[in-house]
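Here is the structure we will look at.
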Protein chains: 2
Amino acid sequence: MREAKRKRLVSKGWKIGSAKDFLGLSPEESAFIEMKLELAESLRTHRERQNLTQVELAKLVKSSQSRVAKMEAGDPTVSMDLLVRSLLALGASKRKVVKIISPAKRSSAT
Amino acid sequence: MREAKRKRLVSKGWKIGSAKDFLGLSPEESAFIEMKLELAESLRTHRERQNLTQVELAKLVKSSQSRVAKMEAGDPTVSMDLLVRSLLALGASKRKVVKIISPAKRSSAT
DNA sequence: GGAATATATGTCAGAATGGACATAGACGCA
DNA sequence: TGCGTCTATGTCCATTCTGACATATATTCC
């Protein structure tokens with residue numbers, strides 16, 4: 001439980017995009033967390049853009065407000081599966097989901 | 001449990017790329033399954049390209065041969081998290097993982 | 001044929017994740 | 001101030017996923 005807690009704190013303490021600097025994590029681990037954080041952030045963006053509340057999104061994906069909050073907060077108890085499913089439920093295309101976790105899009109190319 | 005079985009059969013019966021045609025699945029559901037199948041296929045490609053056996057990959061990702069086999073078989077009991085983690089462990093960059101599930105072209109993802 | 005190696009499939013106990021609920025905080029508004 | 005709405009966080013119990021194991025099915029080599 002200590003480990004999970006740490007990861008959560010870590011992911012909340014650092015800004016998205018600097019996940020590479022997480023100390024003590026292997027490159028794969030950071031890459032994975034980075035992806036999840038990007039999905040999380042994007043989920044919030046998508047939801048807000050559609051003027052939905054967490055409660056409404058929860059209903060849409062047959063979950064609960066608290067879990068939606070945790071998804072958006074990058075809580076480590078949330079799986080990538082759930083994040084991706086939710087994004088798809090919000091109407092994001094597969095292509096879009098892909099873009100979300102794609103590396104820093106400075107310009108256009110991917 | 002009947003449902004899981006069906007999905008597994010479905011995903012094995014159809015070729016990758018035709019997931020859209022899965023009957024009875026919502027677009028989001030098919031998109032999600034499609035992604036997983038693409039990750040699965042790519043995992044096998046990556047592993048074989050590095051001349052690793054399932055046992056060796058299992059050791060690498062701290063799993064078991066049977067689970068690796070299930071990953072590559074697109075078994076529904078395998079999470080996207082595990083698939084992505086494994087690909088990353090095989091040295092695939094985040095960018096690469098992204099490409100794998102990207103719908104772009106008709107070539108086997110690498 | 002038999003041994004060795006690689007992969008597939010089923011099962012199960014334990015771990016991780018899920019939804020639901022309670023509750024607290026934050027913000028706006030009358 | 002209190003009220004309504006939205007979000008955050010913690011906990012509980014159920015469901016799902018995981019690693020491990022057993023076992024079956026190739027395939028190759030002798």
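Just so you know, these numbers use all the heavy atoms, side chains as well, and skip hydrogens, waters and symmetry mates. Order of the sequence lines fixes the chain letters, A, B, ..., with proteins taken first and strands second; residue numbering starts at 1 for each chain. Please read these numbers as outputs of a predicted model, since none were measured by experiment.
Judged as a salt bridge (Lys or Arg N to Asp or Glu O under 4.0 Å), not a single pair has a partner in residues 53-68 of chain B (not counting sequence neighbours).
Between B:S66 and D:dG19, a side-chain N or O to OP1/OP2 separation shorter than 4.0 Å is absent. Taking only side-chain nitrogens and oxygens, B:R44 never comes nearer than 4.0 Å to OP1 or OP2 of C:dA6.
Comparing D:dT7, C:dG10, C:dG19 by their nearest atom to the side chain of A:L82 picks out C:dG19. Checked against D:dT9, C:dT11, C:dT7, the side chain of A:K70 finds its nearest nucleotide in D:dT9. The listed nucleotides are D:dT18, C:dT11, D:dT9; the one nearest the side chain of B:R67 is D:dT18.
Taken residue by residue, residues 53-65 of chain A places heavy atoms nearer than 4.0 Å to DNA chain C at A:K62, A:S63, A:S64.
At its two ends the helix from C:dG1-D:dC30 to C:dA30-D:dT1 runs along axes set 30° apart, each axis drawn from five pairs and the angle rounded to 10°.
The distance from atom CE of B:M80 to atom P of C:dT17 is 15 Å, rounded to the nearest whole Å. Rounded to whole Å, atom P of D:dT5 lies 17 Å from atom CG of A:L52.
Contacts of A:V78 with the nucleic acid, taken as non-hydrogen atoms under 4.0 Å apart, involve only primed sugar atoms and P, OP1 or OP2.
Residues B:L43 and B:R47 fail the side-chain proximity criterion, which asks for heavy atoms closer than 4.5 Å.
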